[in-house]
Amino acid sequence: MIDLRLLRDDPDAVRASQRARGEDPGLVDVLLEADAARRSALGRFESLRAEQKSLGSQVAKAKGEEKAALLARTKELSAQVKAAEAESTAASADVDRALLALSNVVHPAAPVGGEEDFRLIEEVGEKPSFDFEPRDHVDLGKLLGAIDLDRGAKVSGSRFYFFVGVGALLANAIVRCAQDYAVREGLIPVLPPVLVRPEAMEGTGFLGQAAENVYAMPDDGLYLVGTSEVPMAAYHMDEILDAGALPLRYAAYSPCFRREAGAHGRDTRGIIRVHQFDKVEMFVFCRPEDAEAEHEKLLAHEKAFLGLLELPYRVIDVATGDLGASAARKFDCEAWVPTQGKYREVTSTSNCTDFQARRLKIRTRDESGTRPVATLNGTLAAVPRLVVAILENFQQADGSVRVPAALVPYVGREALEPVAAR
RNA sequence: GGAGGAUUCGCCUAGUGGCCUAGGGCGCACGAUUGGAAAUCGUGUUGGGGGCAACCCCUCGCGGGUUCAAAUCCCGCAUCCUCCGCCA
């Protein structure tokens, strides 16, 4: 959630941000009104309550007739206090609801517009040129006995798959390589839970616009996370972090679950868009003034890891309309997918400023008191899309695939070779 | 799944309806003392909100209820601990 003080002091800035996102600027006025109503209701309750407390202590000391008279007055007051409290509670709930509906204020440097209005920052690496007709990752996966989509659909439905044989080895190699990279860079490795309570889901902003993409377990009141950003953001929920401990930098490895509602017909072939995949996600808690520098660091890690895998990619500055509720700014790295002739998103890093921390009550304490921290997240390695990029970019005419040098020790071989069909 | 017990400030603890405006200890911070330190003494030390301010309100795991008044009584829930059963 955003800072109510910012909203009071500079509502135009928030309206402008909403407009840039293509969201409703009218929410700002709803919130301003609710805030005013809450403050006046709170004032009424507080003065009545103060009177009740002071009379209460007189009742304790009084005796006889005096006491009876006081009791009559306090009885009446009690009902008024109760009513005023209910009013003030309701007004607070209105504010909370309005506050949760409002997205983070966008960063001034983020390009304004929709999905297509991103700013290209750079292109890195060389796109492969083939003197043969390149196969797509589905054909390669079949040829190598690495990806079994037919049986994935049989067992679990569309958008599910089995990694088999060298596919399983490659997937694990990517993860282990990413973990080792993270540890070398001083990030703390984590294996988080992937079922979380509503507070964690709500706090990270995934129950708003993105709710339809979340798997819910209603019998247990839990949600399956779409990214380990969720458990990691909530990891320090309700805590006050010592200023000396910041920044806290984690790299969490977990499966991710996405319903992909509203994506019917998109990327139906292959494993670009799936319901379940493994990912190593970086997550940072830092002082708000350090957030931009940390964001640059996360982007640098993403680029370094893609470089390690020798993949050609580009970096874009995501436009305001495509940021998601929590992010003020977002950079995507997109790997080249030869058979699509396109760059496709493989990693994404978001600066959520203090938006998530405010919802999750994650603060830091220093000389100036307590205040919310900033949170940032970034993909280090999303397995299926990296498998796609590796298979397609490094394929040879005979259907074999060269393993990038950094992964060779983890995969245990220098090339993936075609196998007989099973 | 069943039976018990617990949850109060960073930590330990007092508290069984009004003198709790939550006491004490440890730790921490600042000050006094000292050549400097230890010890000692003093002061401060949950978090959130409202108000220009003085100051006020909320906060004893969470949510309800009883009462003029709840840390305290009642109901529900959560988490942790112990034991039993079942399972990996």
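Residue numbers start from 1 in every chain, and the chains themselves are labelled A, B, ... in the order their sequence lines are given, proteins ahead of strands. Side-chain atoms are counted along with the backbone in the values below, which use heavy atoms only and exclude waters and symmetry mates.
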Next item on the list: Quote, to the nearest angstrom, the P distance that separates B/rG1 from B/rC68.
Entry: 40 Å

Checklist line | Counterpart base for B/rC87, defined by Watson-Crick or G-U wobble contacts under 3.5 Å | finding: none

Checklist line | Gap between atoms CD and P, on A/Glu51 and B/rC55 respectively (whole Å) | finding: 21 Å

Next item on the list: Tell me the partner of B/rC20, counting only Watson-Crick (N1-N3 plus N6-O4 or O6-N4) or G-U wobble (N1-O2 and O6-N3) with both under 3.5 Å; none if nothing fits.
Entry: none

Next item on the list: Pick the C1' atom in B/rG51 and in B/rC56, then give their distance to the nearest Å.
Entry: 8 Å

Next item on the list: Using the C1' atoms only, state how far B/rG64 lies from B/rA70, rounded to an integer number of Å.
Entry: 14 Å

Item checked: Aromatic ring proximity, centroids under 6.0 angstrom, A/Phe160 and A/Phe162 -> no

Notebook entry, point to check: How far does the P atom of B/rA39 sit from the matching atom of B/rG48, given to the nearest Å?
Noted result: 32 Å

Margin query: Using Watson-Crick or G-U wobble geometry with both distances under 3.5 Å, which nucleotide pairs with B/rU67?
Written below: none

Next item on the list: Take atom C1' in B/rC73 and the same atom in B/rG18, then report the distance between them in whole Å.
Entry: 15 Å

Check: Taking atom C1' in both B/rG42 and B/rC80, what distance in whole Å separates the two?
Finding: 39 Å

Check: Is a side-chain donor-acceptor pair under 3.5 Å present for A/Tyr250 with A/His236?
Finding: yes

Notebook entry, point to check: If you measure from the Lys or Arg side-chain nitrogens to the Asp or Glu carboxylate oxygens, is any gap between A/Arg269 and A/Asp139 under 4.0 Å?
Noted result: yes

Notebook entry, point to check: If we ignore angles and hydrogens, is there a donor and acceptor under 3.5 Å between the side chains of A/Thr349 and A/Asn377?
Noted result: no

Margin query: Please report the distance separating the P of B/rG76 from the corresponding atom of B/rG17, rounded so that it comes out in whole Å.
Written below: 22 Å

Next item on the list: Please determine, for B/rC28, whether a Watson-Crick or G-U wobble partner exists with both distances under 3.5 Å, and give it or none.
Entry: B/rG44

Item checked: Partner nucleotide of B/rC52 by Watson-Crick or wobble geometry (both distances under 3.5 Å) -> none

Checklist line | Cationic N near anionic O, under 4.0 Å, A/Arg15 to A/Asp29 | finding: yes

Check: Which residue, A/Arg365 or A/Lys82, contacts RNA chain B at a nucleotide closer to its 5' end, judged by nearest heavy atom?
Finding: A/Arg365

Next item on the list: Identify the two heavy atoms, one from A/Arg359 and one from A/Gly205, that lie closest to each other, and give their separation to 0.1 Å.
Entry: NH1-CA, 3.5 Å

Margin query: Here's one to test your reading of the geometry: is the NZ or CZ of A/Arg402 within 45 degrees of the ring axis of A/Phe394 and under 6.0 Å from its centre?
Written below: yes

Next item on the list: Counting Watson-Crick and G-U wobble pairs only, both distances under 3.5 Å, name the nucleotide matched with B/rU72, or none.
Entry: none

Notebook entry, point to check: What does B/rC60 pair with, Watson-Crick or G-U, if both distances are under 3.5 Å?
Noted result: none

Check: For B/rA6, what is the paired nucleotide under Watson-Crick or G-U wobble rules, both distances under 3.5 Å?
Finding: B/rU79

Note to self: Suppose you measure atom P in B/rU8 against the same atom in B/rC60; what distance do you get, rounded to whole Å?
What the structure shows: 12 Å

Notebook entry, point to check: Nearest heavy-atom pair of A/Asn213 and A/Glu260: which atoms, and what distance?
Noted result: OD1-N, 2.8 Å

Distances for protein N or O near nucleotides 48-53 of chain B N or O, under 3.5 Å:
| unit_1 | atom_1 | unit_2 | atom_2 | d |
| --- | --- | --- | --- | --- |
| B/rG48 | OP1 | A/Arg363 | NH1 | 3.2 |
| B/rG48 | OP1 | A/Thr370 | OG1 | 2.3 |
| B/rG49 | N2 | A/Glu46 | OE1 | 3.3 |
| B/rG49 | N2 | A/Glu46 | OE2 | 3.2 |
| B/rG50 | OP1 | A/Arg8 | NH2 | 3.0 |
| B/rG51 | OP1 | A/Arg39 | NH1 | 2.8 |

